[in-house]
Peer 1: 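Input: one structure, supplied below.
By convention in this document, chain letters (A, B, ...) are assigned in the order of the sequence lines, proteins followed by strands, and residues within each chain are numbered from 1. Because only heavy atoms are used, hydrogens play no part in the values below, and waters and symmetry mates are left out as well, while side chains stay in.
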Amino acid sequence: MRLSRYFLPVQKEVPSEAQIVSHRLMLRAGMIRQEAAGIYAWLPLGFAVLEKIKQIVREEMNRAGAIEMLMPTLQPSELWKETGRYEAYGPEMLRIQDRHERELLYGPTNEDMITEIFRAYVKSYKALPLNLYHTQWKFRDETRPRFGVMRGREFLMKDAYSFDLDAAGARKSYNRMYVAYLRAFSRMGLKTIPMRAETGPIGGDLSHEFIVLAETGESGVFCHQDLLDMPIPGEDTDFDGDLEPIVQQRTALYAATEDVHDQARFEKEVPPEKRLSARGIEVGQVFYFGTKYSVPMKAVVTGPDGKDVPIEGGSYGIGVSRLVGAIIEASHDDKGVIWPDAVAPFNVAVVNLRSDDAAVSSACETAYDQLQKAGLDVLYDDTADRPGAKLSTLELIGIPTLLVIGPKGLKAGVVEVKDRRTGVTEEMPLEAAIARCARKGS
RNA sequence: CGGGGUGUGGCGCAGUCUGGUAGCGCAUCUGCUUUGGGAGCAGAGGGUCGUUGGUUCGAAUCCAGCCACCCCGACCA
């Protein structure tokens, strides 16, 4: 993408309403625009990050055996009346009437609908286990939206739903999601800790929240220090195999959010030097809720013994739009965002320091062309701005690697490769720099 | 939903107390000069002062209602 042709409305000054760093940086970097309280338009740069996150989640869900689909944003109230949640949800649910005065709602989640779909088609235990997921916009009419996309009213969420014949099967499904989440968040450059958590209005009795530690986190968290440095299960993980040891390794250590925190137990189970109390952002949650929906909605399958049994269910959410903010909270400096490579809107920016210099522009075009051919997302700053302005903007928007090409260096036969995170600049010939960028970005 | 605050060019603000036909910085546009860390000079464009009503010869300014947004709390992916 040529910057001169792109839509990147960056700002030096920030609207005064933005308080936390991720919100301020997202506004300044031209990623989002607020259209109403807690409702945002995703501008090209923000959208690019959102798509990267979505794709990582998709790959890890698929790896774990979940199957992607798409459910609508609007749902009929009847489904929710069947489960009793139409009343239980309260004013947080956005209720809408169509022209026939039919009651609809903008879905805050999809357990009811997926259960309806499941029961319509699945009749035999032979179809189990089954895990269906989608990534769709949700709406929860928070009384007080805040922190930008971290707590908006409209938000993009990946939600998966598992169906099993019995509790043991459901446990295996739960473990698959638990491990998939560890992998997905790790790929995004985040360290997450699964913590015991309240189940909230969705219900159930086994649940973990995946927490990113950040000073601006919305809730207090308490855990064993060792959870921070646990190994992440590899790509070769067998999701059909026994995942219990991986889950056990983590659940054996104390980890809880303030809602379910037990100080006495914390002090008893965790030695003083290993006690970590901090603040965290929830980026995902896994639930096992058993027959909470299958019983009232009569989602039953015929078992091997010929008898009908309600399925054992679980649901698994990842806050995709919230993750954009969470990643920034975890990865920024006073100059701006620092994107981890895997979610960066562009892997590398080619910076033309003198766009009116034929030799410089020619070298830039070569780099732009070759890096694209290497499969990278490349932003080519071909504008006539001054070097300082260019570098400041590219650092603000967090491009991980800058390939800086200017007349002085070129005369000496070198260009510069600058790493956003470390700030380290290395000089080398153009071809070597292209090879270096291609390696870093992949 | 309780408490507090703010609405004035795209963004950040002054002007409101003490009523007299709207101003500054940044951004934008034109021209010239500049170009290795947010350039300089000269010129230009852009605002029903959130909204409705009231007071007044006259309202951004005073009064009342409404709306929107932000912050603290309660609540929440």
Side-chain angles (χ1 to χ4, degrees), chain A residues 9-20 23-24 27-28 30 33-39 89-93 107-111 135-159 181 197-202 207-212 217-219 257-259 280-287 315-326 335-336 351-357 360 381 383-396 402 404-412 414-416 418 423 425 427:
Chain A
V10 296
Q11 294 179 297
K12 264 194 213 174
E13 291 171 297
V14 214
S16 52
E17 66 259 28
Q19 296 298 314
I20 66 164
H23 191 192
R24 298 175 70 90
L27 290 169
R28 285 194 56 206
R33 176 171 179 80
Q34 180 168 325
E35 296 296 344
I39 299 177
Y89 237 91
E92 199 171 272
M93 173 185 279
T109 176
N110 286 68
E111 281 84 1
T135 302
Q136 178 62 289
W137 292 93
K138 309 285 194 295
F139 195 92
R140 293 183 191 174
D141 200 358
E142 303 275 350
T143 48
R144 190 184 162 210
R146 63 183 117 175
F147 305 149
V149 299
M150 299 257 288
R151 189 164 158 202
R153 290 192 293 171
E154 188 184 48
F155 57 98
L156 187 62
M157 180 165 118
K158 184 286 301 177
D159 40 324
Y181 277 30
E198 274 191 326
T199 53
I202 292 179
S207 174
H208 287 91
E209 286 183 356
F210 285 70
I211 300 288
V212 177
E218 76 247 271
S219 50
T257 61
E258 59 192 351
D259 299 334
I281 301 164
E282 185 198 338
V283 290
Q285 186 160 12
V286 288
F287 294 104
S315 69
Y316 315 90
I318 289 181
V320 175
S321 51
R322 160 177 282 200
L323 270 165
V324 180
K335 292 176 180 171
V351 189
N352 186 333
L353 289 184
R354 281 299 297 266
S355 59
D356 59 350
D357 181 310
V360 172
D381 185 349
T383 65
D385 280 345
R386 300 170 72 84
K390 288 179 180 237
L391 295 169
S392 295
T393 296
L394 294 168
E395 282 163 348
L396 168 66
L402 303 184
V404 183
I405 303 177
K408 287 182 190 166
L410 218 49
K411 280 194 186 102
V414 295
V415 299
E416 292 164 19
K418 183 163 187 179
T425 299
E427 294 193 342

Peer 1: Identify the nucleotide, in any strand shown, that forms a Watson-Crick or G-U wobble pair with A68(B), with both distances under 3.5 Å; if there is none, say none.
Peer 2: U6(B)
Peer 1: Using a 3.5 Å distance criterion without hydrogens, assess whether the side chain of Glu218(A) forms a donor-acceptor pair with backbone atoms of Glu282(A).
Peer 2: yes
Peer 1: Along nucleotides 9-15 of chain B, 5' to 3', which nucleotides get a B, which get an S, and which get a -, given that the test is a protein heavy-atom distance under 4.0 Å?
Peer 2: --BSS--
Peer 1: Look at the side chain of Arg146(A) and decide which nucleotide, out of C72(B), C69(B), G37(B), has an atom nearest to it.
Peer 2: C72(B)
Peer 1: Hey, is the side chain of Gln19(A) poking within less than 4.0 Å of OP1 or OP2 on C72(B), counting only N and O atoms?
Peer 2: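 Answer is no, no contact under 4.0 Å.
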Peer 1: Between A42(B) and G47(B), how far is it from one P atom to the other, in whole Å?
Peer 2: 25 Å
Peer 1: Stepwise, does the side chain to side chain contact (heavy atoms under 4.5 Å, CB included) test hold for Ile318(A) with Phe210(A)?
Peer 2: CA-CA 9 Å; Ile318(A) 289 181; Phe210(A) 285 70; over 6 Å; no
Peer 1: Rounded to the nearest angstrom, tell me the gap between atom NZ in Lys138(A) and atom P in A77(B).
Peer 2: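 Interatomic distance, NZ of Lys138(A) to P of A77(B): 13 Å.
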Peer 1: Sticking with atom P, work out how far A77(B) lies from G4(B), rounded to a whole angstrom.
Peer 2: 29 Å
Peer 1: Going by the side-chain contact (heavy atoms from CB on, under 4.5 Å) test, name the single residue among Leu394(A), Leu402(A), Leu391(A) that passes it with Lys418(A).
Peer 2: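 Among the candidates, only Leu402(A) passes.
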Peer 1: With C1' as the reference atom in both, quote the distance from G15(B) to C24(B) in angstrom, rounded to an integer.
Peer 2: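 G15(B) and C24(B) have their C1' atoms separated by 11 Å.
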Peer 1: Within the 4.0 Å heavy-atom criterion, would you say Ser321(A) contacts the bases, only the backbone, or no part of the nucleic acid?
Peer 2: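 Touches nothing.
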Peer 1: Which part of the nucleic acid does Gly317(A) contact within heavy-atom distance under 4.0 Å: base, sugar-phosphate only, or nothing?
Peer 2: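 It contacts nothing in the nucleic acid.
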Peer 1: Rounded to whole angstrom units, what separation is found between the CG atom of Leu394(A) and the P atom of G36(B)?
Peer 2: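 Going from Leu394(A) (CG) to G36(B) (P), I get 16 Å.
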Peer 1: Counting only side-chain heavy atoms from C-beta out, which of C1(B), A77(B), U35(B) sits nearest to Thr143(A)?
Peer 2: C1(B)
Peer 1: Base, sugar-phosphate, or nothing: which does Glu395(A) touch, judged by heavy atoms less than 4.0 Å apart?
Peer 2: base
Peer 1: For atom P, what is the distance between C17(B) and U21(B), given to the nearest Å?
Peer 2: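 My reading of the P atoms in C17(B) and U21(B) gives 14 Å.
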Peer 1: Check step by step if side chain to side chain contact (heavy atoms under 4.5 Å, CB included) holds for Arg322(A) and Ile281(A).
Peer 2: CA-CA 9 Å; Arg322(A) 160 177 282 200; Ile281(A) 301 164; 4.3 Å; yes
Peer 1: Of Lys390(A) and Gly38(A), whose closest RNA chain B nucleotide lies nearer the 5' terminus?
Peer 2: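 Its nucleotide being nearer the 5' end, the pick is Lys390(A).
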Peer 1: Starting at the 5' end of RNA chain B and moving along, which residue's nearest nucleotide shows up first, Ser392(A) or Arg153(A)?
Peer 2: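 Nearer the 5' end of the strand: Ser392(A).
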Peer 1: Once you apply the 3.5 Å cut-off to both distances, tell me the Watson-Crick or G-U wobble partner of U30(B), or none.
Peer 2: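 Paired with U30(B), as far as the under-3.5 Å criterion goes, is A42(B).
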Peer 1: Within the 4.0 Å heavy-atom criterion, would you say Gly148(A) contacts the bases, only the backbone, or no part of the nucleic acid?
Peer 2: nothing
Peer 1: Taking the minimum atom-to-atom distance to the side chain of Pro387(A), which one of G36(B), C76(B), G38(B) wins?
Peer 2: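 In terms of side-chain proximity for Pro387(A), the closest of G36(B), C76(B), G38(B) is G36(B).
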Peer 1: Considering only atom P, compute the distance from C11(B) to G54(B) and round it to an integer number of Å.
Peer 2: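 Straight-line distance between the two P atoms is 31 Å.
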Peer 1: Applying the Watson-Crick and G-U wobble criteria at under 3.5 Å, what pairs with G37(B)? Answer none if nothing qualifies.
Peer 2: none
Peer 1: Which one is paired to A59(B), where only Watson-Crick or G-U wobble pairs with both distances under 3.5 angstrom count?
Peer 2: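 With both distances under 3.5 Å required, A59(B) matches none.
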Peer 1: When the P atoms of G7(B) and U61(B) are compared, how many Å lie between them, rounded to an integer?
Peer 2: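 Comparing P positions in U61(B) and G7(B) gives a spacing of 12 Å.
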Peer 1: Quick one: pull up CD in Glu92(A) and CZ in Phe139(A) and give me the separation to the nearest 0.5 Å.
Peer 2: 10.0 Å
Peer 1: For a quick test of reading the model, state the closest non-hydrogen atom pair linking Gly280(A) to Ile211(A) and the distance between them.
Peer 2: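 Of all heavy-atom pairs spanning Gly280(A) and Ile211(A), the closest is CA-CG2, 3.6 Å.
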Peer 1: Which heavy atom of Arg144(A) sits nearest a heavy atom of Arg146(A), and at what distance?
Peer 2: NH1-NH1, 2.9 Å
Peer 1: Classify the side chain of Lys418(A) and the base of G37(B) as holding, or not holding, a donor-acceptor pair under 3.5 Å.
Peer 2: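 A donor-acceptor contact between them is present.
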Peer 1: Any strand is fair game: report the nucleotide pairing with A14(B) by Watson-Crick or G-U wobble, both distances under 3.5 Å, or none.
Peer 2: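 The base-pairing partner of A14(B), which may sit in any strand shown, does not exist here.
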Peer 1: If I pick the P atom on U6(B) and the same atom on G37(B), what distance separates them, to the nearest angstrom?
Peer 2: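 My reading of the P atoms in G37(B) and U6(B) gives 42 Å.
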Peer 1: Specify the separation, in whole Å, of atom CD of Glu142(A) and atom C1' of A74(B).
Peer 2: 12 Å
Peer 1: If I pick the C1' atom on U16(B) and the same atom on C63(B), what distance separates them, to the nearest angstrom?
Peer 2: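 Each nucleotide's C1' atom is 14 Å from the other's.
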Peer 1: Okay, side chain of Lys158(A), backbone of Gly284(A): is any donor-acceptor separation there less than 3.5 Å?
Peer 2: no
Peer 1: Compare the minimum distances between each of G37(B), C71(B), G36(B) and the side chain of Lys408(A), then state the nucleotide with the smallest one.
Peer 2: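 Nearest listed nucleotide: G36(B).
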Peer 1: When the distance from CZ of Arg151(A) to C1' of C75(B) is rounded to whole Å, what number comes out?
Peer 2: 6 Å
Peer 1: Just do the side chain to side chain contact (heavy atoms under 4.5 Å, CB included) check on Arg151(A) and Glu142(A) with the steps written out, would you?
Peer 2: CA-CA 9 Å; Arg151(A) 189 164 158 202; Glu142(A) 303 275 350; 2.9 Å; yes
Peer 1: To the nearest Å, how far apart are Met150(A) CE and C76(B) C1'?
Peer 2: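 Rounded to whole Å, this separation is 13 Å.
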Peer 1: Using Watson-Crick or G-U wobble geometry with both distances under 3.5 Å, which nucleotide pairs with C49(B)?
Peer 2: none
Peer 1: To the nearest angstrom, how far is Arg144(A) atom CZ from A74(B) atom P?
Peer 2: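 In whole Å, A74(B) P lies 10 Å from Arg144(A) CZ.
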Peer 1: Val415(A) vs Leu410(A), test: side chain to side chain contact (heavy atoms under 4.5 Å, CB included). Steps then yes/no.
Peer 2: CA-CA 6 Å; Val415(A) 299; Leu410(A) 218 49; 4.0 Å; yes
Peer 1: Write down the distance between CD1 (Ile211(A)) and C1' (A77(B)), rounded to a whole number of angstrom.
Peer 2: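 Result: 10 Å.
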Peer 1: Which nucleotide, if any, forms a Watson-Crick or G-U wobble pair with G73(B), using both distances under 3.5 Å?
Peer 2: C1(B)
Peer 1: Can you tell me which nucleotide in C75(B), U35(B), C69(B) comes closest to the side chain of Asp356(A)?
Peer 2: U35(B)
Peer 1: Counting only side-chain nitrogens and oxygens, does Arg386(A) get under 4.0 Å of the OP1 or OP2 atom of A39(B)?
Peer 2: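 Indeed, a polar side-chain atom of Arg386(A) lies that close.
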Peer 1: To the nearest angstrom, how far is Phe147(A) atom CZ from C76(B) atom C1'?
Peer 2: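 Phe147(A) atom CZ is separated from C76(B) atom C1' by 12 Å.
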Peer 1: Taking the side chain as every heavy atom from C-beta outward, state whether Asn110(A) and Lys138(A) have any pair of such atoms under 4.5 Å apart.
Peer 2: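 The answer is yes, as the side chains (C-beta and beyond) meet within the 4.5 Å cut-off.
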Peer 1: Counting the atoms with a prime plus P, OP1 and OP2 as sugar-phosphate, which does Gly284(A) contact under 4.0 Å by heavy atoms, base, sugar-phosphate, or nothing?
Peer 2: nothing
